[in-house]
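What follows is a single structure, written as structure tokens, with notes after it.
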Amino acid sequence: MIKPKQNSAKYFKVMIAFLLISSNAELAFPVQSSDEIAVQAPKEPIVVNGDNVEYFQEKKMVTGTGNISIKYKDIELTCDKITVYLDTRESIAEGNVKVTQKGAYFTGERMNYNFDTRKGTVLQARLSSNPLYGKAEQVDKVENKDTYKLERGYVSTCDLENPHYRLQARHVEIFLNDKVIAKHIVLYIGKIPVMYFPYYVQYLRQYKGYITVIPGRKSEWGYYVLNSYRYQLNNALKGDLMLDYRTKDGLGLAGGVNNYHDFGKMGKGAFKFYYTKENGDGDDNDHRGEIERRYRYQLRHYWDMGEGTDTTALLEFNKLSDPDVIKDYFYNEYEEIGDNPDNYLTFITAKQEYTSQFLMRARFNKFQSVVERLPEYKININNMRLFKDIPLYYTGAASGVYLRQMLPANGTVIKPTEVGRVDVNNQISYAMQFFRTLNITPFVGTEDTYYSRTAGGETNVIRTV
């Protein structure tokens, strides 16, 4: 537990210096553990982030568990567990696997993916590529970086768990931002098969504005009509205008906009806004008993700052009226992001010699529990050979962060808990090989951690291992 600290920023000044000696020699990694490891590749490194990441030299393998995330070129992969083989660049991801590319994403329980060939397979997958949604027993990512193949699944423009209608097919090819090709299709209305098509093509580049009207009935909403108008102002701005009506007591008109922008070299992202005014019905178990105006704002932006910088910037901002507004009105999105959307700005640099990250994380919704990072900077130096004729290697890591724990207010003033922390890790190793098969890598290292305040109430403490 982090204890509170008064004016801790005054004590939070640390200077860290590293002496980096570059070398073109082959790298030899000792077994090590950290929260971030960069896997070396001749063209571009694969940065594996997670709660626990380990490298095994003898198997030339990296494993990770807990909140795993990998950003490689235009693909982002998240999962619970992953194994990456360095020789073949093959990976096996398991548990809540999610692959995102160009605004589309697939989720599943297991995926095999090759970072060189860019081929992969997701089992029991769910697809979301607005305006298309679907499920399949298997989704294959083919060598063409923008093409996916669905086997024994369906696609639909209805985003419900059980869509009102769907195109069930043996084989579907999706070319992102271009077209969908399906073979041997059966059109279902609900659970009833209506029509068979041997071949079907749906083009996705039809930008002409059109109106969608979805009527229906739900216990939470009563009878409803969801209306949207799709627009495209130019090649950089397009989206949907929404105007909805629900008949249940306390509900009524609601509306908003989902705008998607693409500024080319300056990045791309989305802005979403939705607003409704609910009349309270006095039910203590219902938000309408307390909240009249419910809304959500979201801004997301991704910016690849260019090959020269090797830096990626990510921004996400979420402002909500209450913790359940996304769940109540955008349940499919709630399944993707949960009830605790993040607010952060980060810059990630991935080079062959090192990886670094600058992160700002803050709370904008008082009902959330958040550990703010104001800011955090960390750098990992990859294994580097110190001398040409001696197999002596150096690796290191350093991080500095100012943490502030913000608890839900619940109508009372809760003083935030604050602490500053700086951690420096240095390691020297010597690579030896006997009988061509036995690798021994003795190493010596130090880790120093500074805390502005500890759980026991001590201040300005340095711990060394």
### Query
After noting the C-alpha distance and the side-chain angles of M360 and Y344, does the key distance pass the side chain to side chain contact (heavy atoms under 4.5 Å, CB included) rule?
CA-CA 5 Å; M360 292 283 292; Y344 65 89; over 6 Å; no
**Message:** Would R363 and E372 count as a salt bridge (Lys or Arg N to Asp or Glu O under 4.0 Å) here? Give the steps.
**Reply:** CA-CA 7 Å; R363 185 181 75 167; E372 297 182 322; 5.5 Å; no
E316 and N318: CA distance, side-chain angles, deciding distance, side chain to side chain donor-acceptor pair (under 3.5 Å) verdict:
CA-CA 7 Å; E316 182 164 351; N318 291 278; 3.0 Å; yes
- Dump the intermediate steps for side chain to side chain contact (heavy atoms under 4.5 Å, CB included) on R110 and I92, then the final yes or no. CA-CA 7 Å; R110 180 183 173 91; I92 301 174; 3.6 Å; yes
Report the C-alpha separation of M242 and N258 in whole Å, then their side-chain angles, then the decisive distance to 0.1 Å, and conclude whether the side chain to side chain contact (heavy atoms under 4.5 Å, CB included) test is met. CA-CA 8 Å; M242 298 172 289; N258 292 338; 3.7 Å; yes
Open item on the list: Go through it in stages, so that I can follow the logic: the residues are H261 and F263, the test is side chain to side chain contact (heavy atoms under 4.5 Å, CB included), and I'd like the CA-CA distance, side-chain angles, deciding distance and then a yes or no.
Closed with: CA-CA 6 Å; H261 59 266; F263 300 142; 3.6 Å; yes
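When all heavy atoms of G267 and H301 are compared, the closest pair comes out as C-CE1, 3.4 Å. The heavy-atom pair separating L374 from R361 by the smallest distance is CD2-O, 3.5 Å. For the pair V139 and A125, the tightest heavy-atom approach, listed with the atom from each and the gap, is CG2-CB, 3.5 Å. Between N382 and T395, the shortest heavy-atom contact is C-OG1, 4.2 Å. Contact record, V172 with A182: CG2-CB, 4.1 Å, taken as the closest heavy-atom pair. Smallest separation of non-hydrogen atoms from S369 and N340: O-ND2, 4.3 Å.
Classification of K327 and E333 as a salt-bridged pair fails, no side-chain N sitting under 4.0 Å from a carboxylate O. A salt bridge is absent between K268 and D262: the closest approach of a Lys/Arg side-chain nitrogen to an acidic carboxylate oxygen does not fall below 4.0 angstrom. Remark: K248 does not engage E220 in a salt bridge, criterion side-chain N to carboxylate O under 4.0 Å.
By the 6.0 Å and 45° rule, R246 does not stack over the aromatic ring of Y224. The cationic atom of R217 (NZ for Lys, CZ for Arg) lies less than 6.0 Å from the six-membered ring centre of Y223 and within 45° of the ring axis. In this structure, R373 forms no cation-pi arrangement with Y402, as its terminal cationic atom is not both closer than 6.0 Å to the ring centre and no more than 45° off the ring axis.
Counting heavy atoms of neighbouring residues, nucleotides and ligands inside a 6.0 Å radius, atom NZ of K277 does not exceed 12 of them. For NZ of K265, the number of neighbouring non-hydrogen atoms (other residues, nucleotides, ligands) closer than 6.0 Å is 12 at most.
Partners of D140 according to the salt bridge (charged side-chain N to carboxylate O under 4.0 Å, His left out) rule, which considers only residues two or more places apart in sequence or in another chain, do not exist here. Listed by chain and number, the residues in a side chain to side chain donor-acceptor pair (under 3.5 Å) with E137 are R152 (sequence neighbours excluded). Here T349 pairs with T311 under the side chain to side chain donor-acceptor pair (under 3.5 Å) rule; sequence neighbours left out.
Checking each of I68, I70, T65, N67 against C79 for a side-chain contact (heavy atoms from CB on, under 4.5 Å) leaves exactly one that passes, namely I68.
Atoms CG and CH2, on L314 and W303 in that order, are 12.0 Å from each other to the nearest 0.5 Å. S321 contributes atom OG, which lies 10.0 Å from atom OH of Y297 (distance to the nearest 0.5 angstrom). Taken from CG in D328 to OG1 in T276, the straight-line distance is 10.5 Å, to the nearest 0.5 Å. The structure places OG of S156 at 7.0 Å from CG of L167, a figure rounded to the nearest 0.5 Å. Within the model, atoms OH of Y165 and OH of Y154 stand 11.5 Å from one another, a figure rounded to the nearest 0.5 Å.
With hydrogens and angles disregarded, a donor-acceptor distance shorter than 3.5 Å links the side chain of D322 to the backbone of V325. Checked by atom type and distance alone, the side chain of S399 never pairs as donor or acceptor with a backbone atom of Y377 at under 3.5 Å. Side-chain N or O atoms of N365 include none that pairs as donor or acceptor with a backbone N or O of Q368 at under 3.5 Å. No donor-acceptor distance shorter than 3.5 angstrom exists from the side chain of D244 to the backbone of G255, with no hydrogens or angles considered. No side-chain donor-acceptor contact under 3.5 Å links K272 to the backbone of R296.
Looking at heavy atoms from C-beta onward, T212 lies out of side-chain contact with L226 at the 4.5 angstrom threshold. Contact of the R294 side chain with the D324 side chain is registered, since non-hydrogen atoms from C-beta on lie closer than 4.5 Å. When side chains are defined from C-beta on, L320 counts as touching I326, because their heavy atoms get closer than 4.5 Å. You'll find the side chain of S128 stays beyond 4.5 Å of the side chain of E336, heavy atoms only. Within the 4.5 Å cutoff, the side chain of L150 has heavy atoms near those of the V155 side chain. Annotation: side chain of R170 is not in contact with side chain of E151 (no heavy-atom distance under 4.5 Å). V97 is listed as a side-chain neighbour of L77, based on a closest heavy-atom distance under 4.5 Å. Contact annotation: the side chain of I174 never approaches that of T147 to less than 4.5 Å [non-hydrogen atoms, C-beta and beyond].
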For residues 194-201, dump all side-chain donor-acceptor pairs below 3.5 Å to protein atoms at least two apart in sequence or in another chain.
from	atom 1	to	atom 2	distance (Å)
Y196	OH	H184	ND1	2.9
Y200	OH	Q202	OE1	2.9

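Ring centroid separation for the pair Y113 and F115 comes in under the 6.0 Å cut-off. Taking the ring centroids of Y295 and F273, they lie at or beyond the 6.0 Å cut-off.
Ring pair F347/F358 is tilted by interplanar angle, where 30° to 60° counts as tilted. A parallel orientation is assigned to the rings of W221 and Y329, their planes being inclined by less than 30° (bins at 30° and 60°).
A donor atom on one side chain and an acceptor atom on the other are not found under 3.5 Å apart for Y260 and D240. In this structure, a donor-acceptor pair under 3.5 Å is present between the side chains of Q168 and R166. There is a side-chain donor-acceptor pair under 3.5 Å between N259 and Y231.
Judged as a side-chain hydrogen bond (donor to acceptor under 3.5 Å, both in side chains), the pairs with a partner in residues 75-88 (not counting sequence neighbours) are, in order, D80-N96. The ring-ring contact (aromatic ring centres under 6.0 Å, His included) pairs that include a residue from residues 88-107 are F106-Y148, where partners are two or more places apart or lie in different chains.
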